[in-house]
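The structure appears below as structure tokens.
First listed ligand is number 1; within each ligand, the first listed atom is number 1. Every heavy atom of this structure was used, including side-chain atoms; hydrogens, water molecules and symmetry mates were not.
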Amino acid sequence: MASCDYCGTSILFGGTRSGDLRFCSQKCAANVPLLRASRAIPEDAVDRLAGEIHRGQCPKCGGPGPVDLHTSHRVYSALAFTSWSSHPEMCCPSCARKKFLKHGAFSLVLGWWGFPFGLIMTPIQVLRNAGGLLGIGEPARDVPSDKLKRMARISLGAQRRAQIEAAGIPPTWSPEGP
Ligand SMILES: [Zn+2]
Ligand SMILES: [Zn+2]
């Protein structure tokens with residue numbers, strides 16, 4: 001199955017394309033320039049940052065890690081209208097567990113009430129959250145996941161782009177001196 005080149009979410013239906021890149025949503029597709037910049041980042045720099053994030057504190061609750069990218073899934077329906085979405089977030093296992101349970105319960109209650117997509121998407125989104133919940137405790141979690149590495153690469157790409165853009169502008173004078 002194809003997965004989003006920005007957030008790593010698997011793409012079930014549609015998605016959007018930009019050249020050789022695929023995205024789960026317009027929001028993710030807006031990051032094409034960052035992805036292109038991030039391709040030039042060396043592997044060891046990516047590993048270093050991913051390791052730092054993984055060992056660091058949870059950005060959500062401030063608790064201990066391991067921090068990783070956890071994607072929860074949600075669906076809700078109203079009559080003929082059904083809307084589903086995926087929510088990637090950097091957080092610790094305990095925050096991830098809460099998010100999977102919250103979005104799973106939300107989908108179970110509010111997902112069904114649209115025809116036909118409510119009936120199709122509700123079991124899918126509930127199972128994806130259940131899969132995520134089970135995956136939290138995997139032994140492989142003592143190293144950063146590929147999704148986390150991708151995010152680390154993208155944020156290094158963003159820094160690089162900012163540096164390149166800033167290089168054209170003279171540095172501002174600061175009273176503290178160099
Ligand atoms: Zn995405
Ligand atoms: Zn947390």
Geometry at the Zn ion (ligand 2) - Cys92 SG versus Cys61 SG angle, rounded to 10 degrees:
110°

Between Cys95 atom SG and Cys58 atom SG, the angle centred on the Zn ion (ligand 2) rounds (to 10°) to 110°

For the pair [X] (side chain) and [Y] (backbone), establish whether a donor and an acceptor sit closer than 3.5 Å, ignoring hydrogens and angles.
X: Asp5; Y: Arg22; result: yes
X: Arg128; Y: Ser10; result: yes
X: Lys99; Y: His87; result: yes

Do Cys7 and Cys24 come close enough that some side-chain heavy atom pair is under 4.5 Å?
yes

Angular separation of SG (Cys4) and SG (Cys28) seen from the Zn ion (ligand 1), to 10°
110°

